[in-house]
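Here the structure comes first, spelled out in structure tokens, and everything after it is commentary.
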Amino acid sequence: MKAIKYLMIGALMTGFSATAMAQSDNSAIINNITSVIKSKPADLKDQVKQVFKKNKKNPEVIVGIARAFYEVKDTASAREYAELALKADKKYGPAYVLLGDIMVLGDEGGKAAEQYQQAIYFAPSEPEAYKKYANIYRKISPTEAVSKLEELRQYRPDLAIDAMKGRIYYSENLFDKAIEEYAKADREKMENDDLRDYAMALFFKQKNKESLEIAKYALTKDPRSAAFNRLAMFNSTDLKDYETALAYADALLNKSDSEKLSYFDYTYYGNALMGAKQHDKALEMYQKALTMDIENKDKRAGVIKTISDAYSSLENYPEAIKYYEQYLQEYSTPTATDYAGLAQLYYFQASKMTGDEMIASLKKSDELYGQLAEKYADAIEFATFWRARVNNAMDNDQQNGYAKPFYEKLIELYSVRTQLTNSDKSRLKESYLYLISYEARIANNMEAAKANAEKLIVIDPENAVAKQVLELK
């Protein structure tokens, strides 16, 4: 009995060795002929034909020849040998996969999908054709693409099918669906690219805690990954955990495998430094970002605005204004909000000044708000309200009534409204309170003060000032 057992094991081992040796021989032949095809010797066709003649019934070697031609962009020869492989074995899946790849290069997506479907039919447990079929359909119908991947699950439950589906959704910027699929997948089976895309999808959806968790998990497997140290820095910064963000920034810059850093990396590093009150170094990083290769003008303008915002937060308004003006010059499509930002900076700057300097800064703010009202019809109410505030700041205790015409204009603008928002009511309340004060204290016109109080009580029935004025005899 033992002799029979050992004979069976020996036979199995012999068979295994023969198969392994055949695979090894095929790999060696394919590697050799691939090198020849890539080197393009004068007798290339002859050498290829010799290999083919010796292996014309071996589809693996023939597809290896075809794949080598494909890699050097000789699609005609690649197609020829892929078809010869199918003559050797019409059920050989990799030949159909290669024909599909050739058709993708020729922008024949429909025909490529047919070839991948053939590969799936003859080799249903091989994942490559499923992935490539799904990749074709991801733009046409992500639903069809993930449905094809789901078919693979019955043959290969060992694969991270949910992660593959997540990859399709991520590639089409369907981040919510990508997150849903990635969340089902076993992280241990996920490739680093999928973990990265999962964390990125969460980051884009501002789910910073979850994104950070995935990045930290990936770093336990690959602590020198620039991609995951970067994501950990981004998320920690957005979570306002600045010290942790700086630790990941150090890991990205100094302890990660080589990867080209972008302006965005330095901008986020600067944000973390600003949060940690390391202002000088933060500004240094923002300036570093400007030296990087930024792919378009508007993104560069965004970095310049970040520098302006940093100086503004430090109440260094001259520098904030300088960079903001540069931002407006470089940004291709500034909005009303963008122009209003410069007027605001001059207003804030005035609060740090006295005398003629203060008045000059306020006048500049008033001028800019005036231009804003002229340029953008939708911004006229906002601009008029702020012109009122700016002019009031120029007027010592309302003595000259500089703000009066602007508050009156604002009331006129709102008079045609059938509905008022809370913001509208707040601005009107400020307008009426100013006019009540001016008429009662400066103009000594109690009749006008009461008229404004009556209007104020309509939008703010419990207003103490309005009640007090209306009670006066």
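This is a predicted model, so every value here is computed, not measured.
Shown here is E325, whose CD atom has more than 12 heavy atoms of other residues, nucleotides or ligands within 6.0 Å. Around the NZ atom of K425, the shell of radius 6.0 Å holds no more than 12 heavy atoms that belong to other residues, nucleotides or ligands. Atom CD of E357 has 12 or fewer neighbouring heavy atoms from other residues, nucleotides or ligands inside a 6.0 Å radius. Applying the 6.0 Å contact sphere to CZ of F203 captures more than 12 heavy atoms from other residues, nucleotides or ligands. Residue-environment remark: CG (N444) stays at or below the threshold of 12 foreign heavy atoms within 6.0 Å. Within a 6.0 Å radius of CG in N422, other residues, nucleotides and ligands contribute 12 heavy atoms or fewer. Dense packing is recorded around NZ of K131, with more than 12 heavy atoms of other residues, nucleotides or ligands lying under 6.0 Å away. Annotation for D186: atom CG counts as buried by contact number, over 12 foreign heavy atoms lying within 6.0 Å.
Applying the side-chain hydrogen bond (donor to acceptor under 3.5 Å, both in side chains) test to K148 and every residue at least two apart in sequence or in another chain returns Q117, E151. Checked against side chain to side chain contact (heavy atoms under 4.5 Å, CB included), M285 has the following partners two or more places apart in sequence or in another chain: Y266, Y269, L273. Taking A68 as the reference, T34, I37 meet the side chain to side chain contact (heavy atoms under 4.5 Å, CB included) condition, with sequence neighbours excluded. Applying the side-chain hydrogen bond (donor to acceptor under 3.5 Å, both in side chains) test to Y327 and every residue at least two apart in sequence or in another chain returns D338. In terms of the salt bridge (Lys or Arg N to Asp or Glu O under 4.0 Å) criterion, residue partners of K305 (sequence neighbours excluded) are, by chain and number, D309. Residues forming a side chain to side chain contact (heavy atoms under 4.5 Å, CB included) with S423 (at least two apart in sequence, or on another chain): T421, R427. For E295, the salt bridge (Lys or Arg N to Asp or Glu O under 4.0 Å) test picks out K299, with sequence neighbours left out. Not counting sequence neighbours, the partners of S125 by the side chain to side chain contact (heavy atoms under 4.5 Å, CB included) test are Y155, R156. Not counting sequence neighbours, E114 has no partner by the side-chain hydrogen bond (donor to acceptor under 3.5 Å, both in side chains) test. E191 is linked by a salt bridge (Lys or Arg N to Asp or Glu O under 4.0 Å) to R167, counting only residues two or more places apart in sequence or in another chain.
Applying the side chain to side chain donor-acceptor pair (under 3.5 Å) rule to pairs touching residues 223-232 yields R224-D257, N229-S256, R230-E259, R230-D265, sequence neighbours excluded. Each ring pair (Phe, Tyr, Trp, His ring centres under 6.0 Å) pair with one or both residues in residues 422-470, not counting sequence neighbours, appears once here: Y407-Y434.
Cation-pi contact between R187 and Y217: present, with separation from the ring centre below 6.0 Å and deviation from the ring axis of at most 45°.
Residues I136 and K132 fail the side-chain proximity criterion, which asks for heavy atoms closer than 4.5 Å.
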